[in-house]
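Worksheet: the structure to be examined is printed underneath.
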Amino acid sequence: MTSFLAFAELCQKVEATAGSLEKINLVAAFLSSLDEPELSVACSYVMGTIFPPSQSLAMGVGPSILYEALSKACGCSTEQIGEMLRATGDPGLVAAGVVEKRRPIGFAAFQESRPLSIADVSERFMAVARASGKKSQDIKVKNLQYLFSLASPLEARYIARLAIEDMRIGIGEGGMRDAIALAFHEIGADAERVEQAYNLTNDMGLVAVNARRGTLAELSIMIHRPIKMMLAQLGESIASALGEIGTAAIEWKYDGARVQIHKDADHVWIFSRRLENVTASLPEIVQTAKEIRAQSAILDGEAVAIGKDGRPMAFQDILKRFRRKYNVEKLAARIPLRLFLFDLIYLDGRSVTDLPLRERRDLLEKIADPGILADQVVSASKEAAEEIYRQALAAGHEGIILKNPASVYAPGKRGKNWLKIKPVMETLDLVVIGAKWGEGRRASLLGSYRLGCQDAATGNLLDMGFVATGFTDESLAELTEMFRELIVLEKGMEVEIKPAVIFEVAYEEIQKSPNYSSGYALRFPRMVAVRYDKSLEEADSLERVVSLYRGQRGRVIP
DNA sequence: ACTGATGCGTC
DNA sequence: GTCGGAC
DNA sequence: GTCCGACGACGCATCAGT
């Protein structure tokens, strides 16, 4: 029985260690000391996940419920917590600080009991996740409160971070893979095998237990158990991608949502990018999948909303379909999804991931009608690729993907066997009108900036969202100092800023927004330059935003 | 019965 | 999704 | 090249509060 304190001490050491190898050594040594149930839990926890996707459980705890639990456990106000958060930029340190000053209330009687074990914490988290229905938030809060009232400051630090599934100690899937391989290498585990097992199960705890038992090889592809999807890397240009791949399989990059379809006779399951079961939301895809001419199969593709005009609908419309539980058929009629299959993972009892793409494609074409296949052209010609690219964009999609026809299906891998090409979008010059204090690495820095455009009619600035990427650490520090002088108002973690500075912001697409006063927002905004040379009046106007919105992606909106 | 906040998934 | 930083 | 963290908009479900 391992104490939770031991786990917390490990996390502290790992967090304080800079080098990744050293981090992995620490984790590996810890894993070796655990019994089986603890091992399973600890592997997930170190990475900051509480439940593997297959369990279909979620904590349902975010900052709000966490801080409520902390304040109740320790008898401090939410204002105090807000102050600490602004100062530290770290929910974990807030929890530690609050617990340090804890006034024993409520569960004081438990103070006498034994120290928390990993299993204790895991049990409480289970209770938190299971709570649903009326008063469920109270139940979540009470369970967390119980943990905080028994925890030392160090334990509280990691209980808090775990509760919101955000560990930030520098170990992710890659680090844990290496740690498991190192811990159990004598039983035959190596990074390659561990990674493979993880990509097939998506459950690091399960992988670790099997690594220790020496049964990693038993974790294999099975119908009804989703596997990680192969991902595309961003290519520089069509020419460079062709230079990399040579003769490439060229496909449109659809603006939709990824789906992994499992079919077993008449049974169909559909899994999303994060391997959530989304079958119930996508009846027409289920229907389509039933027509696949195979006894059993796992297929990979994209679900795209196609409007009456044959053009893709806004991505926002696709979001209305995913995760929907009610009025599914009604929305399906209004926002019909089409399936474009581009890969085959499993066929009639056998994994085909080891076959080259061109053979998988051949098999796919045998079992699926052309109407549900993504078009594919195999070519080494730059002109041909450029033509397909133009067509994809003109059709309203994102760009193209160039794939190596000789490559295997590598679950979970983002590599140069699949290269995506997207256009460089235009930029907008927008006024910084607010900001938010950051967390973690961005603690005590302004880490996110609210942007506004000019409304020529009224002379007002209308906001259109935030930008938080494209900054170097250095530029962020400078900007924070500069904006500090311009702060007009502070409210929680948000700050209002006197309009004076212009950011040039790149984006993928302009979206209609129900959340911002301009009525528009940017998809994937990133800061590309601070335009010290521009004055407020030279910032872009709403009129320009609207006209860009109407003309984008070959779309003409009347 | 309705609204707003919150969490969590898609990109 | 994007991006920067560390290794 | 790879991994990790610090962040973006949006829409649905759920729950608390009215």
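Being a predicted model, the structure only gives us computed values, none of them experimental.
Annotation for Thr49(A) and Glu165(A): closest pair CA-OE1, 3.4 Å, computed over non-hydrogen atoms.
Met59(A) comes within 4.0 angstrom of sugar-phosphate atoms only, judged by non-hydrogen atoms across all strands, and of no base. Note on Lys413(A): nothing from the nucleic acid sits closer than 4.0 angstrom, heavy atoms only. In this structure, Leu522(A) reaches the sugar-phosphate backbone alone: every heavy-atom distance under 4.0 Å involves primed, P, OP1 or OP2 atoms, never a base. Residue Arg274(A) is classed as a base contact, given a heavy-atom separation below 4.0 Å to a base. When heavy atoms are screened at a 4.0 angstrom cut-off, Phe524(A) is found touching base atoms of the nucleic acid. Across all strands, Tyr507(A) comes closer than 4.0 Å to no nucleic acid atom at all (heavy-atom distances). Residue-level contact check: Glu508(A) touches neither bases nor backbone, having no heavy atom under 4.0 Å from any strand. Within 4.0 Å (heavy atoms only), Arg450(A) reaches no atom of the nucleic acid at all. Residue contacts shown for Val278(A) are absent, as no nucleic acid heavy atom lies under 4.0 Å away. Note on Ser132(A): only backbone sugar-phosphate atoms sit closer than 4.0 angstrom, heavy atoms only; bases stay farther off. Counting any heavy atom pair closer than 4.0 Å across all strands shown, Gly133(A) reaches sugar-phosphate atoms only and no base atom.
Computed from coordinates, the Ile65(A) CD1 to dC8(B) C1' distance equals 12 Å when rounded to whole Å. Atom NZ of Lys23(A) is separated from atom C1' of dC7(C) by 11 Å (rounded to the nearest Å). Atom C1' of nucleotide dG7(B) and atom CD of Glu68(A) are separated by 14 Å, given to the nearest angstrom. Counting to the nearest Å, the P atom of dC11(B) and the OH atom of Tyr254(A) are 16 Å from each other.
The aromatic rings of Tyr409(A) and Trp418(A) sit perpendicular to each other, their planes meeting at more than 60°, with 30° as the lower class boundary.
Phe503(A) pairs in a side-chain contact (heavy atoms from CB on, under 4.5 Å) with only one of the listed residues (Leu451(A), Val528(A), Leu430(A)), which is Leu451(A).
For Arg323(A) against dC8(B), a side-chain N or O and a base N or O form a donor-acceptor pair under 3.5 Å.
Salt bridge present: Arg450(A) and Glu494(A) bring a charged side-chain N and a carboxylate O closer than 4.0 Å.
Where Lys420(A) and Phe471(A) meet DNA chain C, the nucleotide closest to each residue was compared, and Lys420(A) sits on the side nearer the 5' end.
Contact annotation: Ser272(A) side-chain N/O to dT10(B) OP1/OP2 distance is under 4.0 Å. Checking the phosphate oxygens (OP1, OP2) of dC11(B), no side-chain nitrogen or oxygen of Lys422(A) falls inside 4.0 Å.
A heavy atom closer than 4.0 Å to some atom of DNA chain C occurs in no member of residues 157-176 of chain A.
Using a 4.0 Å cutoff to heavy atoms of chain A, the contacted part of DNA chain D runs 5' to 3' from dT2(D) to dA16(D).
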